[in-house]
Protein chains: 2
Amino acid sequence: MQKKLLDGFEKTFQMRGLRITQQRLEIFKALAGSSDHPTAEKIYAQLRSTMPTISLDTVYRNLHTLQNHGLINRVTTGQSQARFEANLTPHHHLICKICQKITDISWQEFDKLAPPQDFNQWGDIKEKQVTLSGICRDCLKDKKSS
Amino acid sequence: MQKKLLDGFEKTFQMRGLRITQQRLEIFKALAGSSDHPTAEKIYAQLRSTMPTISLDTVYRNLHTLQNHGLINRVTTGQSQARFEANLTPHHHLICKICQKITDISWQEFDKLAPPQDFNQWGDIKEKQVTLSGICRDCLKDKKSS
DNA sequence: TATTATATAGGAAAAATTATTATTTACAAG
DNA sequence: CTTGTAAATAATAATTTTTCCTATATAATA
């Protein structure tokens, strides 16, 4: 490992007992520095410019590792391709049915709402999340012009 | 086609201009008669007992056709494999993070809540849906016993 | 620095979905 | 009822998405 001081991500990994590898750091940074909820493939494509030998398997493997350690989330969508985010603060999503763009939103009025008591008999509810879907501005524009 | 009176599903297809094929009917019936939000593969396996020659492609193709006509929904999940439902009445989902079981729930207090006005600048919002996730009763039991 | 367990690359494999094409079927018009 | 035609199907192949395998490399530690 380099002599330089540990940055925030390295500390995060260290605290979890995760080995600090270049690939792992870059994958995590790529996610943390983006707001478009990228796919594994997209992160792979992005990192290849600076790490030409990284493999897609490594991207997938580490996305799962990070997810298992609660450092990133897989977004709940209606597509087959997985989408990820590093934004761990509770929030919600707007998803465009056409271009699949995902936008983070906050909705405090919803956050205050407690799920009905009887849901608890189902089991142990850990998260509550809203997904709003529709057609985004850009896609509405494209529709009109055709 | 048989002489018997059209059943509800056949009428539904006819109204949409969809051809009434045996495969299409069976796929739709399988979905309408289940509450477990099956995968394409599961529907395929189920139908093969009565229609041994049906192909998986036909199942996928018709699931998309039905979805495009608004007769079924693809469920929004965090898995890669697609899950479908024929329950079109507005409702929400409880998803187990372990066994991936999906349970329909209703939450009227949420349904009454209108999304904040400023979400509208994003585009045209068509649906709002809550996904609650956690660990179901059965999986909690399994966890304890290990 | 040497040791050891974990992570990686690269290729192959598996899982999930969609496309291609020849054949069959629904259904409407005669 | 027969026939014509567009649409749907089965079978197979191809893609896409994700995971596995294994030899090598690397991070953490002693």
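Chain identifiers are assigned alphabetically (A, B, ...) following the order of the sequence lines, protein sequences preceding nucleic acid strands; residue numbering begins at 1 within each chain.
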Mind calculating the distance between CD1 (A:I20) and C1' (D:dT29) to the nearest angstrom?
-> 14 Å
Terminal axes of the helix from C:dT1-D:dA30 to C:dG30-D:dC1 (five pairs each): angle between them, nearest 10 degrees = 40°
Residues that A:F13 engages under ring-ring contact (aromatic ring centres under 6.0 Å, His included), provided they are two or more places apart = A:F28
Calculate the interatomic distance between B:Q14 atom CD and C:dA28 atom C1'; express it in whole Å.
-> 12 Å
Let me have a per-nucleotide readout for nucleotides 1-16 of chain D, 5' to 3', with B, S or -, counting only protein heavy atoms under 4.0 Å.
-> -----BBSBBB-----
Co-members of B:F110 in a cluster of I, L, V, M, F, W and Y side chains, linked at under 4.5 Å | A:L94, A:I105, A:W107, A:F110, A:L113, A:F119, A:W122, A:I125, A:V130, A:L132, B:L94, B:I105, B:W107, B:L113, B:F119, B:W122, B:I125, B:V130, B:L132
A:R48 CZ to C:dT8 C1': how many Å, rounded?
-> 15 Å
Kindly say if A:H64 contacts the phosphate of D:dT18, meaning a side-chain N or O under 4.0 Å from OP1 or OP2.
-> no
Measure from CZ on B:R83 to P on C:dA16 and round the result to the nearest Å.
-> 12 Å
Under 4.0 angstrom, heavy atoms only, what part of the nucleic acid is A:A82 near: base, sugar-phosphate, or nothing?
-> sugar-phosphate
Contacts of B:K42 meeting salt bridge (charged side-chain N to carboxylate O under 4.0 Å, His left out) (sequence neighbours excluded), chain-then-number -> B:D36
Trace of the salt bridge (charged side-chain N to carboxylate O under 4.0 Å, His left out) decision for A:E127 with B:K97 | CA-CA 10 Å; A:E127 287 161 47; B:K97 285 171 185 275; 2.8 Å; yes
Atom CG of B:L25 and atom P of C:dT25: how far apart are they, to the nearest Å?
-> 16 Å
Rounded off to whole Å, could you give me the CZ-to-P distance for the B:F13 and C:dA26 pair?
-> 13 Å
Grab the CG-C1' distance between B:N68 and C:dT18 for me, whole Å please.
-> 14 Å
Report yes if at least one side-chain N or O of A:Y60 is closer than 4.0 Å to OP1 or OP2 of D:dT19; otherwise report no.
-> no
With the 4.5 Å side-chain cut-off for hydrophobic clustering, are A:F84 and A:I102 part of the same group?
-> no
Indicate the atoms forming the closest heavy-atom contact of A:I27 with A:T58, along with that distance.
-> CD1-O, 3.8 Å
Which pair of non-hydrogen atoms, one from B:S80 and one from B:R74, has the smallest distance, and what is that distance?
-> O-NH2, 3.6 Å
Taking ring-ring contact (aromatic ring centres under 6.0 Å, His included) as the test, write out the residues that go with A:H93, two or more places apart.
-> A:H37, A:H91
Can you tell me how far C1' of C:dT8 sits from OH of A:Y44, to the nearest Å?
-> 13 Å
In terms of hydrophobic clustering (I, L, V, M, F, W, Y; side-chain heavy atoms under 4.5 Å; direct or indirect links), are A:Y60 and A:I72 co-clustered?
-> yes
